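To start, the structure under review is shown below, and the notes come after it.
Chain letters run A, B, ... following the sequence lines, proteins first, then strands; residues in each count from 1. Because the structure is a prediction, the values reported are computed rather than measured.
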Protein chains: 4
Amino acid sequence: MLININPTNGLAVYDQIARQIKFAVANRVLRPGDLVPSVRELAKNLAINPNTVARAYRELQAEQIIQTVRGTGLEITVAAPEICRNARQELIRLRLREVLEEAGRSQLSRTQVKQLFDKELSQYDETGNAS
Amino acid sequence: MLININPTNGLAVYDQIARQIKFAVANRVLRPGDLVPSVRELAKNLAINPNTVARAYRELQAEQIIQTVRGTGLEITVAAPEICRNARQELIRLRLREVLEEAGRSQLSRTQVKQLFDKELSQYDETGNAS
Amino acid sequence: MLININPTNGLAVYDQIARQIKFAVANRVLRPGDLVPSVRELAKNLAINPNTVARAYRELQAEQIIQTVRGTGLEITVAAPEICRNARQELIRLRLREVLEEAGRSQLSRTQVKQLFDKELSQYDETGNAS
Amino acid sequence: MLININPTNGLAVYDQIARQIKFAVANRVLRPGDLVPSVRELAKNLAINPNTVARAYRELQAEQIIQTVRGTGLEITVAAPEICRNARQELIRLRLREVLEEAGRSQLSRTQVKQLFDKELSQYDETGNAS
DNA sequence: GTGGTCTAGACCACC
DNA sequence: GTGGTCTAGACCACG
């Protein structure tokens, strides 16, 4: 379970942690019953404030992705995979819709948008890295 | 020249002003030589502080979209239309790329992404309003 | 006697007028006894406010470059050519000194500055137009 | 990291701050990763308003010379040294060209300009102080 | 503690 | 009237 933090990209650190855990769940790197790292341990590894880790976990708890196990720590819930997989597709859909609205405000035609999309998609290598 | 401000959408007010002026330039609502509303007038119309308008205009000046005409006001530069039209297409392209990278990190296949896109595009009415 | 005004270059309009008259005197385009255009005429030709022309002339009077001739207008003084020619050389010397001080603050060596100067001088065509 | 402000030299205070930081970067007094003084601290030291410092920093951010580190402060970017060093040489070159154009408009010969330059250069002590 | 944003009001030079 | 700058003080999210 590797988490990478970039404190200079404008995204809140707690949000970066939460997102990466959700991705790990969606991609079955983390499975129901697995324990996430303890607040103190993760904070130490990332050299950040424990409060920041705690906040990330608080948000994940609110979304029912992790739950406390008394005396043990925080574990991935049974519902987590479905929540995360649905969420990721909805996220992409929402982003696409936003871009299309932006394009509409810019008065780009449907054809122009499609051309831009196809050009970018042809460079899409399904790895998450820009090619 | 209509500008609408939504103080609760998370976007900074000065940014909303700057964006709408860029759109107006890209869409030929504002043309080179046209004067933008004076700082005080626009501030009064939008019921916001003149400093906020001034900041928006300062950013537009830094991007060479408007320039001061001594004692007269701020006018659209001759280079503005090209700058704004190039910028808007680059913005859309960048956003599409980001979404595709996000999709890659979520391990969606190229086919899945294309289906999502086509579904959203079919609802795209080229007006900038979600349908 | 041609005067060109650029209201968008940051220089005050009255200053542009005064400078161009001084150049005209230094270069013998205007000679002692010549009349400068009347405030109203020049303001009309340049499509600017007569106050702005009046201010330019006021400054030139303070520098003894023009003087009022009752009932006639404003004429170039006998002392004007010497004043303007001395001023132009001093101006250049002052500017060079400023650039050198700026270079010193940037810790450029004397050799580096000389190279930059020689390169620019080689493009210098003595016409006042960038080549 | 010493910054000196002269509120009476015509230069905007925010600009003086930005310039001095750029010089410090170009001269390796500030290096990538170093934090600039916090907005509030610098404002207190210089006895000026925090907004003025913030504006200076905002301009430096726009030029990619500093970047925010969430909750920590503003640090010098890795690209900053190159940006600042290129900028300072280009600035000197631009200034020299302006002076030469001015000289051309004054109909000074190439030889006269060179004499003026050599005379000033002989007094140039590479410290940034007029001798 | 940090930066980011906004408001309110002042003074300046210029037209 | 115009923009440009600065001060004073507030509120926010983040760590």
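Between E41(A) and K44(A), none of the side-chain N atoms (NZ, or NE/NH1/NH2) sits under 4.0 Å from a carboxylate O, so this pair counts as no salt bridge. Using a 4.0 Å cut-off between a side-chain N of Lys or Arg and a carboxylate O of Asp or Glu, R95(C) and E98(D) do not qualify as a salt bridge.
Nucleotide dG3(F) holds its P atom 17 Å from the CD atom of E59(B), rounded to whole Å. Atom-to-atom, CG of N9(D) to P of dC6(F) comes out at 10 Å; the value is rounded to the nearest Å. Distance, Q16(B) CD to dT5(E) P: 12 Å, rounded to whole Å. In this entry the distance linking CZ of R58(B) with P of dG4(F) reads 8 Å, nearest Å. Note: CG (L60(B)) to C1' (dG4(F)) measures 16 Å, nearest angstrom. Whole-Å rounding puts the K44(B) NZ to dT7(E) P distance at 17 Å. Distance L46(A) CG to dC14(F) C1': 16 Å, rounded to the nearest Å.
For Q64(C), the CD atom counts as loosely surrounded, since its 6.0 Å shell holds 12 or fewer non-hydrogen atoms of other residues, nucleotides or ligands.
In DNA chain F, runs of at least 3 consecutive Watson-Crick or G-U pairs, each pair with both distances below 3.5 Å, span E:1-14 with F:1-14.
For the 3.5 Å distance criterion, the side chains of R88(D) and N27(D) qualify, holding a donor opposite an acceptor. Side chain to side chain, N4(A) and Q16(A) fail the donor-acceptor criterion of an N or O pair below 3.5 Å.
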Within the 4.0 Å limit for protein heavy atoms, which parts of nucleotides 8-15 of chain E are touched? Write it as a string from 5' to 3', B for base, S for sugar-phosphate only, - for none. BB----SS
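D34(D) places a side-chain N or O within 3.5 Å of a backbone atom of R31(D) that can act as its donor or acceptor partner. Of the possible donor and acceptor atoms, none in the side chain of R70(B) sits under 3.5 Å from a partner among the backbone N and O of T8(C). Between the side chain of Q67(A) and the backbone N or O of Q61(A) there is no donor-acceptor pair closer than 3.5 Å.
Residues S38(B) and A47(D) both approach DNA chain F. Their nearest nucleotides, taken by heavy-atom distance, put S38(B) toward the 5′ side.
Looking at heavy-atom distances under 4.0 Å, E41(B) makes no contact with the nucleic acid at all.
Here the CG atom belonging to L46(A) is positioned 6.0 Å from the CD1 atom belonging to I3(A), to the nearest 0.5 angstrom.
Between Q61(B) and dG4(F) there is a side-chain polar atom (N or O) within less than 4.0 angstrom of OP1 or OP2. Close to dG3(F), at under 4.0 Å from its OP1 or OP2, lies no side-chain N or O of Q67(B).
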